[in-house]
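Data first, discussion second: the structure below is written as structure tokens.
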Amino acid sequence: MSETLTLVAIGIFQTIAIIAFAPLLMGIMRKVKARTQKRLGASVLQPYYDLLKLLKKDEVVSDQSSWIFRAAPWVMLVATATAALFVPIFLPFSPFGTAGDILVMLGLFGLARFFIMLAGLDVASAFGGLGTSREMMISALVEPALFLTIFVVSLTLGGTNLSSIVAASAGQFVSGVLIVPSMLFALIAFFVVMLAESGRIPFDNPATHLELTMVHEAMVLEYSGKSLAMIQWSQSIKQAILLALFVNLFIPAGMASSIVGIDTAATSVVSFIAKVLLLSMLVAFIETRTAKWRLFRLPDLLAMAIASSMIGVLFFYL
Amino acid sequence: MVDSMILAQPDILMLSSAGLLIATFAVVVRRGFVDWLSAYRYQSIVLAGAAATIAYFAGAWEIYIAAALTLLIKAIIIPKVLLRVTRKIKDELKTEANPYVSLRLSVVIAALLVGLSYALTRQMLPDSTLDKVASTYLPVSMSLFLIGLFVMVNRRLALNQVVGLLIIENGLFLFTTALTHGLSILIEIGIFADILVGVVISSILLYRISQTFDTLDVGELEKLRDD
Amino acid sequence: MHLWLPKAHPAAPSNMSALMSAVMIKIAIYGLVRTTFDFAGPSSPDSAWWGLLLIAAGSASALIGVLYAAIEKDIKRALAFSSIENIGIIILGLGLSVVFLSYNLKSLASFALLASMMHSLNHAAFKSLLFMGAGSIIFRTHTKNMEQLGGLAKKMPLTSLLFLVGALAISGLPPLNGFVSEWLTMQALLSSYQVPNTLLQISISFASIAFALTAGIALATFVKIFGISFLSRPRSVHAERATEAPKSMIAGMAVAGGMCIIFGFTPFLGISVISSAFGVDGSQFIMPTSPFQSLSAPQDAPVTPASISMPALGVMMGSVAAAVIGFIAFATRGTKTVRRVYSTWDCGFGNLNERMEYTPTSLSQPIRTVFKSLYRTSTSIDKQYFFGSNAYFKKSISVNSTSKDVFEDLLYQPLTGAAIAFFDRVRKMQTGKVNAYLLYIMIALLLLLVLARLI
Amino acid sequence: MGLPIDSSAFPTQSSVLVLSLLLTPAASGILVTVTRKKRPVEIITIVSAALILVQAALLVAGVISEKQIRAFGDLFLLDAFGALVMLPIAGVGLISALYSVNYMGRQYDRGTIDDKHIIRFYQGFNVFMLTMLLVPVSNNMGTMWVAIEATTLVSVLLIMLYTKENAIEAAWKYLIIATVGLSFALFGTVFFYYANITAVPAETGSETAMNWSDMVAHAKLLDPNIVKTAFIFVLIGFGTKAGLAPMHTWLPDAHSEAPTPVSALLSGVLLNCSIYGILRFHIITLGTLGDSFSSTLLLILGIVSVGIAAASIYFQKDMKRMLAYSSVEHMGIISLAFGFGGFFGIYGALLHIINHAVAKPLMFFASGSISQKYETKSMSEIKGIIRNMPITGGLFLIGGLAIVGMPPFNMFMSEFMILGAGFGSGQFLASSLVVLFLVVVFAGFMRHLIKMVFGNPKPKSAASMDSSSEMGKLSVVPMAVLAALVIVLGFYVPQPLQALASDVIHIFNQGSDTPATSIAPIKPAAVAQVPATSINQGGLG
């Protein structure tokens with residue numbers, strides 16, 4: 001019984017950690033991006049300052065909006081935070097794994113996205129509609145790419161239970177398998193999907209408010225104060241979850257394949273942090289090197305992701 | 001005694017068969033309703049004779065009764081009823097104006113149907129199981145049946161359709177009697193009763209039709225259709 | 001066979017369409033299931049083709065249905081197209097079940113069947129809800145055209161809430177019932193690797209793409225349907241004058257909405273219904289280990305089973321929500337924030353009006369562009385100028401965009417045309433002439449006599 | 001043959017019961033003729049119909065426990081199959097009698113008909129009941145034929161009760177076509193008899209050789225050639241009376257022009273009697289020729305019927321004609337179900353007979369009330385029933401949904417089993433065709449039904465409506481009873497019916513050498529194994 005309690009405590013700790021450090025990750029990425037662009041950049045803690053500032057500010061709500069507009073940030077934050085419960089982060093394990101798997105996680109992301117798209121429409125401005133319209137297309141195409149990636153991953157590692165696939169990945173690594181061909185293709189696809197899901201370049205530019213390019217920002221344009229804080233925070237949580245998932249699924253190096261002792265646990269925590277930092281730097285580099293793509297070129301990119309996963313499936317079967 | 005009967009048998013059978021067919025063909029070539037009725041009456045008399053012949057050969061007393069009933073009901077009562085009911089109907093309504101197939105062609109078709117009947121009955125029954133009486137009357141009854149149906153299809157006069165129906169009924173009776181030497185008498189009586197009631201009802205209907213539609217041409221009765 | 005739906009549903013009154021969509025369609029499926037499993041039960045790999053056919057038909061109709069739903073302007077037609085989509089998903093599950101059964105993977109087969117039947121049950125719940133909601137909208141606004149709706153969330157708050165439940169459920173979002181059946185179907189798809197036939201495995205992974213694409217577009221579609229109808233500014237005077245739907249309508253929707261929620265949190269209710277109706281042993285997929293029973297993929301897989309527990313998910317979301325609310329309250333303690341209501345940002349131009357909003361057509365424009373080859377969109381732009389043909393001073397521009405149903409033009413029109421002509425001919429047999437009728441009998445007799453020689 | 005009747009007391013009791021069952025309508029017919037007053041005549045008829053129902057129920061109970069009831073030696077024989085046909089006759093008879101009071105009374109009040117018509121109607125009604133009741137109790141096939149022919153004659157009289165043009169036209173067509181058809185049937189019957197006496201020469205001239213029980217006992221000895229031809233004649237003959245296409249042509253006319261209570265009896269009950277006639281011979285033929293011959297013919301006629309009915313329903317303009325064509329459709333379904341055979345085919349068909357006998361009268365009663373209200377039968381004139389007469393409209397809708405085979409109503413169950421049997425017996429082409437036609441029927445029927453029930457009433461017709469919206473209690477109650485049955489039978493088949501049905505399947509097996517339970521290649525898949533009874537309770541998922 002106490003063992004179960006310990007596990008639950010670890011799980012909750014993991015979740016709180018990722019929720020708490022998500023803005024930091026965002027800050028680091030911004031910093032890296034600024035430095036690679038030869039700018040000084042804001043402090044890595046800047047996202048926290050922003051959140052605190054926004055939480056204490058007054059809110060302006062459009063007179064056209066309905067209850068959906070006000071409910072959306074809450075739903076978004078709750079959904080993404082719940083999703084964080086299922087993701088193994090430092091350990092190849094999440095005590096809530098039997099309650100929800102990777103599909104539940106995606107479903108919760110979908111729920112958040114559903115509400116934010118509605119909120120975009122709710123304010124009756126052309127910007128919101130524009131954002132929603134673009135997001136509709138992107139999300140419709142991301143879905144198959146992501147599902148197919150999961151298809152490959154669950155074929156290779158067995159099942160859709162996040163704990164078990166992460167553990168399987170770690171186990172494979174420990175037993176000396178560096179990379180499985182089908183997983184390599186899944187990695188490419190997942191990377192593309194991750195960029196799309198977390199709204200990074202080339203899909204979306206999180207730092208722009210230009211109507212030609214913005215997607216996500218267009219939807220949340222009317223938000224301010226507390227609501228905006230919640231939206232930004234959940235956005236960063238989502239990004240952190242995806243990064244963590246990527247790291248744990250595809251780069252299992254250093255991850256303990258089971259909870260044996262305090263030292264292996266420490267190793268895996270340290271290696272996880274290192275890997276996530278490296279990955280976020282990579283994303284930031286890519287953002288510096290690439291321009292945002294034209295909206296109607298995005299399907300090509302997603303199609304490439306789908307094709308890549310498909311090749312992964314073929315590799316698995318053949 | 002027995003030998004002479006066997007010798008005489010085919011002649012009687014052929015004679016009555018021919019009589020029945022002639023009566024049927026008379027129906028096919030005639031137009032007027034009264035002519036039809038007399039042809040029918042003649043046919044019924046021959047039928048009663050044929051039934052009596054069968055009764056004689058089979059030695060079954062029920063068939064005598066059936067023959068007597070035939071004579072009574074089909075040759076006397078039914079024509080009387082039909083004549084009486086139709087007396088009130090105007091004469092011009094009682095003549096077949098234009099059947100779908102001309103009378104000349106009708107005869108040809110009727111002849112074909114007789115041929116078909118022989119062919120069909122030949123196939124229907126294994127030869128061995130048939131006695132002479134049955135094998136002679138079976139095709140004739142089938143002819144009556146088919147020709148009766150044919151005149152019902154071809155003729156537009158409601159009265160003639162009734163007569164066509166009666167001819168079919170005659171074919172049936174011949175068939176029953178020749179093949180099975182009669183059903184049980186109770187059922188025979190039931191069938192006769194049905195026929196009689198049927199004729200009564202149809203004559204009531206005939207009268208109603210002539211009153212309501214001012215015609216007996218069933219081709220005119222086409223209000224109930226789907227198009 | 002999908003074409004009559006979008007035409008029949010919008011024509012019928014809404015309560016009838018709810019009935020038609022939710023129940024009637026199920027007859028066909030029920031029939032398919034029963035005939036497939038009770039009577040023509042496939043037992044050898046040779047019969048896998050039948051399953052593959054169902055999978056192909058299912059995923060095609062799911063995808064086509066949702067693609068047309070995405071661009072539809074008529075709310076009821078959109079819902080009808082979405083019914084086609086969901087039937088496709090149901091048939092897909094059925095096909096998987098057949099494939100599994102033909103390779104003697106019994107527990108997978110019942111799992112896929114369960115997925116399919118759960119989806120049909122759930123579809124009955126949320127589609128009734130949506131059709132009733134659409135009915136309420138039409139009842140109050142007298143229009144089915146979404147171009148003229150908008151802003152109804154403020155006018156009809158209860159309707160909008162219930163419609164939202166339906167939209168979330170049909171989009172397959174947790175924790176509602178649509179998610180459960182989509183999860184089951186996805187797991188069934190993922191289990192296809194156990195079929196010992198590479199060709200089938202690969203075909204099924206293609207079906208998975210179609211399925212996922214369907215799910216993605218469905219979400220977008222219902223964002224559009226809900227967003228356009230209920231949110232932002234009313235686009236016409238009809239929508240502006242709307243009031244909350246009558247209580248009876250709300251009550252009807254509330255029942256269906258309640259079902260969406262209950263079946264979402266406790267899928268076991270649905271499973272027990274289906275188990276008893278189809279003789280599927282659903283209990284083997286339920287793990288009663290925790291206080292929250294979880295659903296799990298079949299155990300005979302050589303891997304750790306995947307599982308979800310909807311009750312637990314509900315509890316988790318609840319506690320996270322409590323934590324979030326608590327945390328936000330904690331973080332904002334001591335500060336007095338005011339919520340001010342002000343008009344939407346208009347870039348300083350002023351006078352934002354309903355003509356500047358996104359319309360259903362413009363909202364779905366990116367999707368339409370991506371899938372233009374399927375839609376065969378034809379767009380005509382009609383420009384009128386103030387001064388001759390001076391292109392700088394336009395009086396009005398109207399864009400007219402129509403899309404055609406490829407299948408309708410190439411397959412259904414000729415077929416239905418021929419069928420109707422044939423039936424019309426047959427019907428005219430009833431000429432009214434008694435002679436003709438007697439002739440039919442005569443012909444029937446002769447034909448049967450001839451036939452008797454043959455058999 | 002069959003089960004020996006060991007109890008010496010019961011046969012005499014049952015003889016009395018059979019006799020009194022037949023005498024009740026006869027006596028009431030005579031009483032009606034003597035009384036000649038509207039109110040007493042109505043009461044006499046209802047009482048007699050109620051008595052018939054009670055006696056029929058007693059007989060059915062006897063059949064369930066004794067398997068067979070014989071009366072007067074071999075003259076009358078009531079087995080499970082007969083009981084299954086008799087039960088709807090008695091039930092629908094009573095309900096029709098009740099409905100007639102309101103329906104005919106309303107016409108009487110309007111002056112459409114006078115006392116003479118009322119008396120004639122109730123005379124006809126009672127005699128009609130007598131002739132119909134005679135059919136299932138006859139053992140002698142000749143008697144059965146006489147009874148069926150008598151039903152034609154009586155019902156022609158009932159149809160021509162109104163002296164309207166249409167009624168006369170319909171009556172004429174009915175008389176001519178049904179009589180021609182039935183003469184085919186007699187031809188076939190006699191041929192069977194001939195086959196029996198040639199197979200067993202000792203029987204020649206015997207009273208029993210025309211008994212069904214006798215024929216089926218010798219089924220294996222009969223000459224296959226004769227039986228083939230004979231069955232064709234019987235099929236065409238009784239098929240004409242049963243409304244199987246292409247001999248159905250009289251049916252839409254007659255059923256739509258008859259007074260509504262008579263339409264209900266014609267559609268719901270009389271057609272069953274004729275189908276019953278075919279099936280008696282079908283059982284013999286199964287014994288002689290094996291499974292394929294007669295089943296194939298039934299199947300062909302069934303499909304043609306469903307197809308032609310589908311076409312006609314789709315384009316129909318007249319409400320009662322639509323219902324009449326729907327009867328053609330359902331007779332087709334029943335016929336093809338017996339053609340499919342197998343446990344599910346026969347069981348489904350038997351249930352379908354009962355279900356149709358419940359649902360179709362409901363539809364006819366509702367449409368009768370509706371057409372009295374709207375004073376038309378044309379569907380384009382009838383709109384918004386649910387607003388003008390909510391109860392009738394609701395019941396009409398229930399009946400309509402049942403008729404097209406919607407769950408959870410009764411017809412769905414039986415149609416479902418039948419289609420299942422079709423696919424199960426490997427008749428894929430036939431089953432798919434039927435499904436296709438049923439879809440057309442469904443589309444056509446619903447198209448009309450929805451417009452009628454929910455459409456916007458025309459202002460003119462709404463204005464001419466009198467204040468009372470419904471047509472009176474006595475019109476609604478019978479419909480409500482039937483609607484309740486429609487729903488109940490959709491969920492649950494009562495034990496007595498199940499017992500009867502399984503006995504009938506035994507009867508079918510007794511001729512055939514491959515018992516029905518094993519004819520059907522029902523290979524319940526491991527995942528979906530459902531016993532027949534659970535279909536009834538499962539409903540839809």
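Chain A is the first sequence line, chain B the second, and so forth, proteins listed ahead of strands; every chain is numbered from 1. What you see is a predicted model, and the numbers here were worked out from it, not measured in a lab.
Put simply, CD1 on A:Ile150 and CE on C:Met186 are 7.5 Å apart, with the number rounded to the nearest 0.5 Å. The NZ atom of A:Lys226 lies 5.5 Å from the OG1 atom of C:Thr332; values are rounded to the nearest 0.5 Å. Note that the CZ atom of C:Arg340 and the OG atom of A:Ser62 stand 13.0 Å from one another [nearest 0.5 Å]. Expressed to the nearest 0.5 Å, how far OH of A:Tyr317 lies from OH of C:Tyr193 amounts to 9.0 Å. The distance from the OG atom of A:Ser133 to the CD1 atom of C:Ile367 is 8.0 Å, given to the nearest 0.5 Å.
Between the side chain of C:Lys154 and the backbone N or O of A:Gln64 there is at least one donor-acceptor pair closer than 3.5 Å.
Only the side chain of C:Leu164 comes within less than 4.5 Å of a heavy atom in chain A; its backbone stays farther off. Only the side chain of A:Val313 comes within contact range of chain C, with heavy atoms under 4.5 Å apart. Only the side chain of A:Leu221 comes within contact range of chain C, with at least one heavy atom under 4.5 Å from a heavy atom of that chain. At a 4.5 Å heavy-atom cutoff, the contact between C:Phe222 and chain A is made by backbone and side-chain atoms alike. Using a 4.5 Å cut-off between heavy atoms, C:Thr359 makes no contact with chain A at all. Neither the backbone nor the side chain of C:Leu176 comes within contact range of chain A; no heavy atom of the residue lies under 4.5 Å from a heavy atom of that chain. Proximity to chain C is limited to the side chain of A:Leu148, based on heavy atoms less than 4.5 angstrom apart. When heavy atoms are compared at a cutoff of 4.5 Å, C:Thr198 approaches chain A solely by way of its side chain, counted from C-beta outward.
Within the 4.5 Å cutoff, the side chain of A:Leu111 has heavy atoms near those of the C:Leu168 side chain. Residues A:Phe147 and C:Leu213 form no side-chain contact, since every pair of their non-hydrogen atoms from C-beta on lies 4.5 Å or further apart. Residues C:Leu219 and A:Glu143 have side chains not in contact (no heavy-atom distance under 4.5 Å, counting atoms from C-beta outward). In this structure the side chain of A:Leu108 reaches within 4.5 angstrom of the side chain of C:Met317, judged on heavy atoms. Considering only heavy atoms from C-beta on, C:Ile328 comes within 4.5 Å of A:Met230 through its side chain. Using a 4.5 Å heavy-atom cutoff, the side chains of A:Thr132 and C:Tyr358 are not in contact. Within the 4.5 Å cutoff, no side-chain heavy atoms of C:Leu231 are placed close to those of A:Phe69.
Of residues 117-126 of chain A, those residues lying under 4.5 Å from chain C by any heavy-atom pair are A:Met117, A:Leu118, A:Leu121, A:Asp122, A:Val123, A:Ala124, A:Ser125, A:Ala126.
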C:Gln187/A:Asp101 under side chain to side chain contact (heavy atoms under 4.5 Å, CB included): CA gap, chis, key distance, verdict: CA-CA 11 Å; C:Gln187 289 296 346; A:Asp101 62 356; 3.2 Å; yes
Side chain to side chain contact (heavy atoms under 4.5 Å, CB included) between C:Leu313 and A:Phe86, intermediate numbers included: CA-CA 10 Å; C:Leu313 183 64; A:Phe86 306 118; 3.5 Å; yes
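With chain C as the partner, the residue from A:Ser227, A:Ala84, A:Ala140, A:Pro144 showing the most heavy-atom pairs under 4.5 Å is A:Pro144. Between chain A and the options C:Ser160, C:Ser362, C:Ser364, C:Pro174, heavy-atom pairs under 4.5 Å are most frequent for C:Pro174. Interface summary for chain C: among A:Lys57, A:Glu59, A:Arg134, the most heavy-atom pairs under 4.5 angstrom belong to A:Glu59. No other option in C:Ser205, C:Gly227, C:Ser192, C:Ala70 has as many heavy-atom pairs under 4.5 Å with chain A as C:Ser205. By number of non-hydrogen pairs under 4.5 angstrom with chain A, the leading residue of C:Val324, C:Leu190, C:Ile217 is C:Leu190.
Note: C:Phe327 and A:Trp233 have tilted aromatic rings, judged against thresholds of 30 and 60 degrees for the angle between ring planes.
Taking the ring centroids of C:Phe230 and A:Trp67, they lie at or beyond the 6.0 Å cut-off.
A search for salt bridge (Lys or Arg N to Asp or Glu O under 4.0 Å) contacts involving A:Glu135 returns A:Arg113, not counting sequence neighbours.
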